[in-house]
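Scroll down for the structure; my scribbles are underneath it.
Just so you know, these numbers come straight off a predicted model, no measurement behind them.
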Amino acid sequence: MTIGHTSRGAAAAAAAAELAWAGRHEQAVALCDQALCPDPAAQALRGPGLDAAEALPLLALRSESHVALGRLVQALADADTMLAIACAY
C-alpha cells in the first residue's frame, strides 16, 4: 500500500466506525454488509474481494453494531467468522 492510499476495506471500516460512533448502527451494518458481500456485478468491476486484514475490522464493527441493536445471534456469527479467519493464519 502506498502512502496516501486507503484500501476499499479500510475506507469502508472508517465510515462504518463513524456511523456506529454516531449511534447509526443500522447504517453501519448495511455499509459493512456491502463491503463484505458486494453484489456480483459490482465485484466484477472492482476486482477481487477483501483480504483477511480488510475483512476482520469490518466483521468486528458489524458484530459490535449487531450487539448494540440486540442482534446477538448475528453478532456471534460474525465473531465465529473472525475466529475462523484468525485460525486460518
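- The only option from Leu59, Leu19, Leu58 that meets the side-chain contact (heavy atoms from CB on, under 4.5 Å) definition with Cys32 turns out to be Leu58.
- Side chains of Met82 and Ile85 form no contact here, defined as non-hydrogen atoms less than 4.5 Å apart.
- A donor-acceptor contact shorter than 3.5 Å links the side chain of Thr81 to the backbone of Ala77.
- Nearest approach of Gly9 to Glu54, heavy atoms of both residues: N-OE2, 3.7 Å.
- Asp78 CG to Glu64 CD: the interatomic distance, rounded to the nearest 0.5 Å, is 10.5 Å.
- Closest non-hydrogen pair, Ser7 versus Ala10, comes out as OG-N, 3.1 Å.
- Contact between Ser63 and Ala79 at its shortest, heavy atoms only, is OG-N, 4.4 Å.
- Atom CD of Glu18 and atom CG of Leu61 lie 10.5 Å apart (nearest 0.5 Å).
- When the side chains of ILVMFWY residues are joined at heavy-atom separations under 4.5 Å, either directly or via intervening members, Val29 and Leu36 end up in two distinct hydrophobic clusters.
- We find the CZ-CG distance between Arg24 and Leu31 to be 10.5 Å, quoted to the nearest 0.5 Å.
- Contact detail for Leu50 and Ala35: the closest heavy-atom pair is CD1-O, 3.4 Å.
- How far CD of Glu26 is from OG of Ser65: 9.0 Å, rounded to the nearest 0.5 Å.
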